[in-house]
Novice: 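Please see the structure below; I have some questions.
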2 protein chains.
Amino acid sequence: MSDLAIPLSPELSFLPAKLVRQAYMIGLDSGEALFRRGDMPVAIHCLRAGEVRLVRYSRDGREVVLQRSRGGFFAEASIDAAGYHCDAVAAVPSRVLAVPLVPFKAEMDANADFRRAWGAHLAAELRHLRNRCERLALPTARERLIHYIDSEGQDGVLHCDQGLKSLAVELGITHEALYRTVAKLEREGCVAREGRGLLRLLR
Amino acid sequence: MSDLAIPLSPELSFLPAKLVRQAYMIGLDSGEALFRRGDMPVAIHCLRAGEVRLVRYSRDGREVVLQRSRGGFFAEASIDAAGYHCDAVAAVPSRVLAVPLVPFKAEMDANADFRRAWGAHLAAELRHLRNRCERLALPTARERLIHYIDSEGQDGVLHCDQGLKSLAVELGITHEALYRTVAKLEREGCVAREGRGLLRLLR
DNA sequence: CGTACTTTTGAATCGCATCAAATCTGGTGG
DNA sequence: CCACCAGATTTGATGCGATTCAAAAGTACG
């Protein structure tokens, strides 16, 4: 493919050079679909820029967002599936690196190190999701936010460079509720805001 | 081990006989720990009876349940970890099948079919968790219940043999809220209850 | 038959969603 | 540089739904 010099990043570091060479970049306009439900997977996808959403439609036609990816692999669970179980649609203009499935699977069979790295990747994803489920089961915005800083932040400090509004979506609450919760925690001295995207947990 | 004739079940069907022979059964009393945070994983665990909870403790000592397993593999994400990231404690007297890690990993390296089966298992787990996250992000008990029947039930029919109370935990709401929600949906004719553990979605 | 648990309903309170509006911010083009 | 615009941030008011505490009725099991 013409798209050489693909910038390295943590989520790609374990991909063997052989696979990176065979990968190709896909550009998506806002609203454009990468794949549709039922399509046969032909590649592993890694979001490099923009935002892709995995969506399904309930029987009454409402759209349900299954996953919001802002970077890294997505729909990894469909590698072995006969068809995707949802649509992948770009929410904003995006760039997706596609690693063809055939060489990917061949590498999985041949390369034990790569297998372990991919397994570790999936394991991290599992832990992450379990954590998120646990957080979303908490009853109040306050508890969810503190749980989030505890588990996603580093040493009690959270970098939310995307703004609080998108954090609210992640927490499953409205942005108003989140703003109010942050303000209250700040008043109580439990949390300090430093700059635009920094939350420090004091406790 | 003396525990021969381990009954087969869907979640064990893909385990090679060789591994099943090397597995051993662990009995746990209520409250007994299978492993503690920091312990080095020595086996893959599959819950055969009872209930095991993966728990962590927040800095203020409160217990946080990361996962409630009522059957099947749990803490699969720790296969490659240097230590568990949580405690595993039986909530009721339980029986756990332990498949030693060394032969498990050896089989993963040697047996491509098994690798695929395990990969599919992890993929299913991922899809399941994403679904659950999506559900827990829904704002009302009503929407969560309908989403649950849609996605976990079969053809609009849900078998909740554990009773509505444990379903409430799964939905992240109190059992009172769930009882009221079911009653209201029934009055509206959206849901029919058939026997103790059957919910049919009419819509 | 008694005990423990689930199921069910009631009442009071609290927190969040919703609708609305004002302010702030970064970025664009004149 | 400044005007302007789109989006994020913030605060307010209101209603609904869930939590909480409480209690009664049903059910399984020894």
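Note that the coordinates shown come from a computational prediction; the quantities given were computed from them, not determined experimentally.
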Novice: Within the structure shown, what part of the strands sits under 4.0 Å from B/Arg144 by heavy-atom distance: base, sugar-phosphate, or nothing?
Specialist: nothing

Novice: Whole Å only: how far is the CG atom of A/Leu164 from the C1' atom of D/dT9?
Specialist: 8 Å

Novice: Atom CE in A/Met25, atom SG in A/Cys46: separation rounded to 0.5 Å?
Specialist: 8.5 Å

Novice: Given C/dT7, D/dT9, C/dC16, which nucleotide is nearest the side-chain atoms of A/Lys165?
Specialist: D/dT9

Novice: Measure distances between side-chain N and O atoms of A/Arg180 and base N and O atoms of C/dG15, and say whether any donor-acceptor pair falls under 3.5 Å.
Specialist: no

Novice: Among the nucleotides D/dC21, D/dT19, D/dT9, which one has an atom lying closest to any side-chain atom of B/Glu176?
Specialist: D/dC21

Novice: Atom CG of B/Leu138 to atom P of C/dA17: distance rounded to whole Å?
Specialist: 12 Å

Novice: Classify the side chain of B/Arg193 versus the base of C/dT7 as yes if they form a donor-acceptor pair under 3.5 Å and no if they do not.
Specialist: no

Novice: Between A/Leu178 (CG) and D/dT10 (P), how many Å, whole number?
Specialist: 10 Å

Novice: Let's see if you can work this out: which of D/dT9, C/dT7, C/dT18 has an atom nearest to the side-chain heavy atoms of A/Tyr179?
Specialist: D/dT9

Novice: Without decimals, in angstroms, what is the distance between A/Arg142 CZ and D/dT19 C1'?
Specialist: 16 Å

Novice: Any donor-acceptor pair under 3.5 Å joining the side chain of A/Arg187 to the base of D/dT11?
Specialist: no

Novice: A/Pro139 or A/Gly163: which one's nearest nucleotide on DNA chain D is closer to the 5' end?
Specialist: A/Gly163

